[in-house]
K.L.:
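Got a structure for you, questions after.
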Amino acid sequence: MKIYEKSLNEMKRIVARYTEQTIDFEIEKTVSEIIQNVAQNGDQAVRDYERKFDNVNLADFSIPAFQLDQALDSIDDDLRAALELAKQNITSFHKQEIENSFVDVSTPGIMRGEKVTPLASVGLYVPGGTAAYPSTILMCGIPAKLAGVKRVVMVTPPQPAGINPAVLAAARLAGVDEVYQVGGAQAIAALAYGTETIPAVDKIMGPGNIFVATAKKQVFGKVAIDMVAGPSEIGILADDSANAREVAADLLSQAEHDKRARAMLITNSKSLAEAVSKEVDRQLSTLPRQEIARTSIEDRGFIAVMENTAEMFELMNDVAPEHLEVQLANPTQYLGLIKNAGSVFLGRYASEPLGDYVAGPNHVLPTGGTARFASPLGVYDFVKRTQFIQFDRQNLKADLKAITKLARTEGLEAHARAIEARFDKED
């Protein structure tokens, strides 16, 4: 891995280059055309794109519910136990996020409040390319159902040998209501605009390739989306107390996702930096997904050696990583220094894959530096809030002067008159 020994300001400039977002206008144009075609021509357009991109001729997109039950029964006992454990922990964690409506009647004659209502329907995109992600189905479907969403729809690209049974089993465990074997930008368009077979949803979530991410971005406004997810990333803060073999393994755990994934170590120990770099090279040679991980490490990975712990945290807050491991002595004491991160893993035994699968906190996280303003997926993403007010005549009259003054200050005479219409002239 590249090792930098630069000043804090120099490293900030280098990090900025690693996080630069580029727009591929050809992809934007292609996706726009796909969305327009699906919006206008529905199922036929989706079938045409599935034939073109996935080399399949689909008479029916829908996967019947009994196939989900069969898939759950067919997977091996260890996999089912792992999925059940993940479901249990995801459920227990996300139950803490459930919001309640409230009513404020502290002033006689006035009622104010906020009503929390679940979204009616959501769509989950599940990739079907270089890896299958049953864990993502649990991470998305369970919070949606805890929020009270009645209709959870899953779309996933068709596969030559059929949809991975682990994916269908996870859909059953997560409470998914409908499954369609449709992928790519055409699947996102179908969820947003609806077709003869696939009714539209209110919100779309889940990871995907650049075409899926671009499609989600383009349909935002027609529907809500969770986020425009970029390649996976991991940042590790470590000192001499960290184990180089373990740090290297954790860096590679994200590098194997995608050639554009980012794996970053920031340390105050040159000896650790050199040891981790050697370990990454050694471990790379034995990985099944070596080509992907190697490209990620060579093109996007780096190690930064800083002067002290304060500089380490300041630089990492600039990175705002999706996953942040703190492999320092007494790691919990540093939690207050972390300003920007999707999810934080404290200490040697909180390796990032723990959060990917069974710990319970969500693994759908902000990427590409968006942890500066965005949050992990949660129950709160599947509800909307509606505020309400009720005033009696006496309280409205008491506020009449303030309301009409503000309305006329803003040049909105009809606003003022709407209030005055409730009262006789002498009032």
K.L.:
Please determine whether side-chain hydrogen bond (donor to acceptor under 3.5 Å, both in side chains) holds for the pair E233 and T367, giving the CA-CA distance in whole Å, both sets of side-chain angles, and the decisive distance to 0.1 Å.
P.N.:
CA-CA 7 Å; E233 56 200 21; T367 61; 5.4 Å; no
K.L.:
Between H363 and S343, do the side chains contain an N or O donor and an N or O acceptor separated by less than 3.5 Å?
P.N.:
no
K.L.:
Is the backbone N or O of M1 less than 3.5 Å from a side-chain atom of S277, with the two atoms forming a donor-acceptor pair by type?
P.N.:
yes
K.L.:
For T197, which residues count as a side-chain hydrogen bond (donor to acceptor under 3.5 Å, both in side chains) partner, sequence neighbours excluded?
P.N.:
D43
K.L.:
Check whether any side-chain N or O of S269 sits under 3.5 Å from a backbone N or O of D240 as a donor-acceptor pair, and report yes or no.
P.N.:
no
K.L.:
Test your reading of the model: is there a side-chain donor-acceptor pair from N268 to the backbone of N308, 3.5 Å cut-off?
P.N.:
no
K.L.:
Would you check if the side chain of N362 reaches a backbone N or O of V364 as a donor-acceptor pair within less than 3.5 Å?
P.N.:
yes
K.L.:
Going by ring pair (Phe, Tyr, Trp, His ring centres under 6.0 Å), name the residues that satisfy it together with Y334, two or more places apart in sequence or in a different chain.
P.N.:
F313
K.L.:
Under the salt bridge (charged side-chain N to carboxylate O under 4.0 Å, His left out) rule, what pairs show up with a residue in residues 339-368, not counting sequence neighbours?
P.N.:
E246-R348
K.L.:
Any Lys/Arg nitrogen of K12 or E314 sitting under 4.0 Å from an Asp/Glu carboxylate oxygen of the other?
P.N.:
yes
K.L.:
Is a side-chain donor or acceptor of E10 paired with a backbone partner of S7 at a separation under 3.5 angstrom?
P.N.:
yes
K.L.:
Can you name the residues that form a salt bridge (charged side-chain N to carboxylate O under 4.0 Å, His left out) with R51, not counting sequence neighbours?
P.N.:
D48
K.L.:
Please indicate whether F66 has more than 12 foreign heavy atoms, meaning atoms of other residues, nucleotides or ligands, lying under 6.0 Å from its CZ.
P.N.:
yes
K.L.:
Between the side chain of N330 and the main-chain N/O of Q333, is any donor-acceptor distance below 3.5 Å?
P.N.:
no
K.L.:
Tell me the side-chain hydrogen bond (donor to acceptor under 3.5 Å, both in side chains) pairs involving residues 77-86, sequence neighbours left out?
P.N.:
none
K.L.:
Using the side-chain hydrogen bond (donor to acceptor under 3.5 Å, both in side chains) criterion, which residues pair with N41? Sequence neighbours excluded.
P.N.:
N37
K.L.:
Go through the structure and list residues passing side-chain contact (heavy atoms from CB on, under 4.5 Å) with E97, not counting sequence neighbours.
P.N.:
F93, H94, V379, Y380
K.L.:
Applying salt bridge (charged side-chain N to carboxylate O under 4.0 Å, His left out), name anything that partners E99, two or more places apart in sequence or on another chain.
P.N.:
R385
K.L.:
Does atom CZ (F302) have a neighbourhood of more than 12 heavy atoms from anything else shown, all under 6.0 Å?
P.N.:
yes
K.L.:
Does some side-chain heavy atom of L168 sit less than 4.5 Å from a side-chain heavy atom of I63?
P.N.:
yes
K.L.:
Check for a donor-acceptor pair, side chain of D226 on one end and backbone N or O of G206 on the other, with a separation under 3.5 Å.
P.N.:
yes
K.L.:
Do NZ/NE/NH1/NH2 and the carboxylate oxygens of R260 and D299 come within less than 4.0 Å?
P.N.:
no
K.L.:
Would you call K217 and E28 a salt bridge, using N to O less than 4.0 angstrom?
P.N.:
yes
K.L.:
Would you name the heavy atoms of A293 and L284 that are closest together and state the gap between them?
P.N.:
CB-CD2, 3.6 Å
K.L.:
Around atom CZ of F388, are there more than 12 heavy atoms of other residues, nucleotides or ligands at under 6.0 Å?
P.N.:
yes
K.L.:
Carefully, step by step, assess E291 and K259 under the rule salt bridge (charged side-chain N to carboxylate O under 4.0 Å, His left out).
P.N.:
CA-CA 8 Å; E291 181 186 356; K259 291 181 178 180; 3.5 Å; yes
K.L.:
Might you confirm whether atom NZ of K278 has over 12 heavy atoms from other residues, nucleotides or ligands at distances under 6.0 Å?
P.N.:
no
K.L.:
Count the heavy atoms belonging to other residues, nucleotides or ligands that lie under 6.0 Å from CD of E26, then report whether that count exceeds 12.
P.N.:
no
K.L.:
By salt bridge (charged side-chain N to carboxylate O under 4.0 Å, His left out), which residues pair with D381, not counting sequence neighbours?
P.N.:
K203
K.L.:
Do P207 and Y125 have side chains that approach each other closer than 4.5 Å (heavy atoms only, starting at C-beta)?
P.N.:
no
K.L.:
Quickly, which of K150, R151, K145 forms a salt bridge (Lys or Arg N to Asp or Glu O under 4.0 Å) with D177? Name it, please.
P.N.:
K145
K.L.:
Name all residues meeting the salt bridge (charged side-chain N to carboxylate O under 4.0 Å, His left out) criterion together with K29; count only those two or more places apart in sequence or in a different chain, and write none if there are none.
P.N.:
E33
K.L.:
Evaluate the side-chain proximity of I110 to V105: yes if any heavy-atom separation is below 4.5 Å, no if none is.
P.N.:
no
K.L.:
Got a sec: does the NZ of K2 have more than 12 other heavy atoms crowding it under 6.0 Å?
P.N.:
yes
K.L.:
Is there a donor-acceptor contact under 3.5 Å linking the side chains of Q327 and D250?
P.N.:
yes
K.L.:
Please identify each residue that fulfils side-chain hydrogen bond (donor to acceptor under 3.5 Å, both in side chains) with R172, with sequence neighbours left out.
P.N.:
D69
K.L.:
Any side-chain to backbone donor/acceptor pair from K115 onto Q387? Under 3.5 Å, distance only.
P.N.:
no
K.L.:
Any idea which heavy atoms bring P376 and L365 closest together, and the distance?
P.N.:
CB-CD2, 3.5 Å
K.L.:
Report the residues that fulfil side-chain hydrogen bond (donor to acceptor under 3.5 Å, both in side chains) with S106, sequence neighbours left out, ordered by chain and then residue number.
P.N.:
D104
K.L.:
Keeping E5 on the side-chain end and I3 on the backbone end, is there a donor-acceptor pair under 3.5 Å?
P.N.:
no
K.L.:
So does P158 get a backbone contact from the side chain of D54, meaning a donor-acceptor N/O pair under 3.5 Å?
P.N.:
no
K.L.:
I'd like to know whether CZ of F373 has more than 12 heavy-atom contacts from other residues, nucleotides or ligands below 6.0 angstrom.
P.N.:
yes
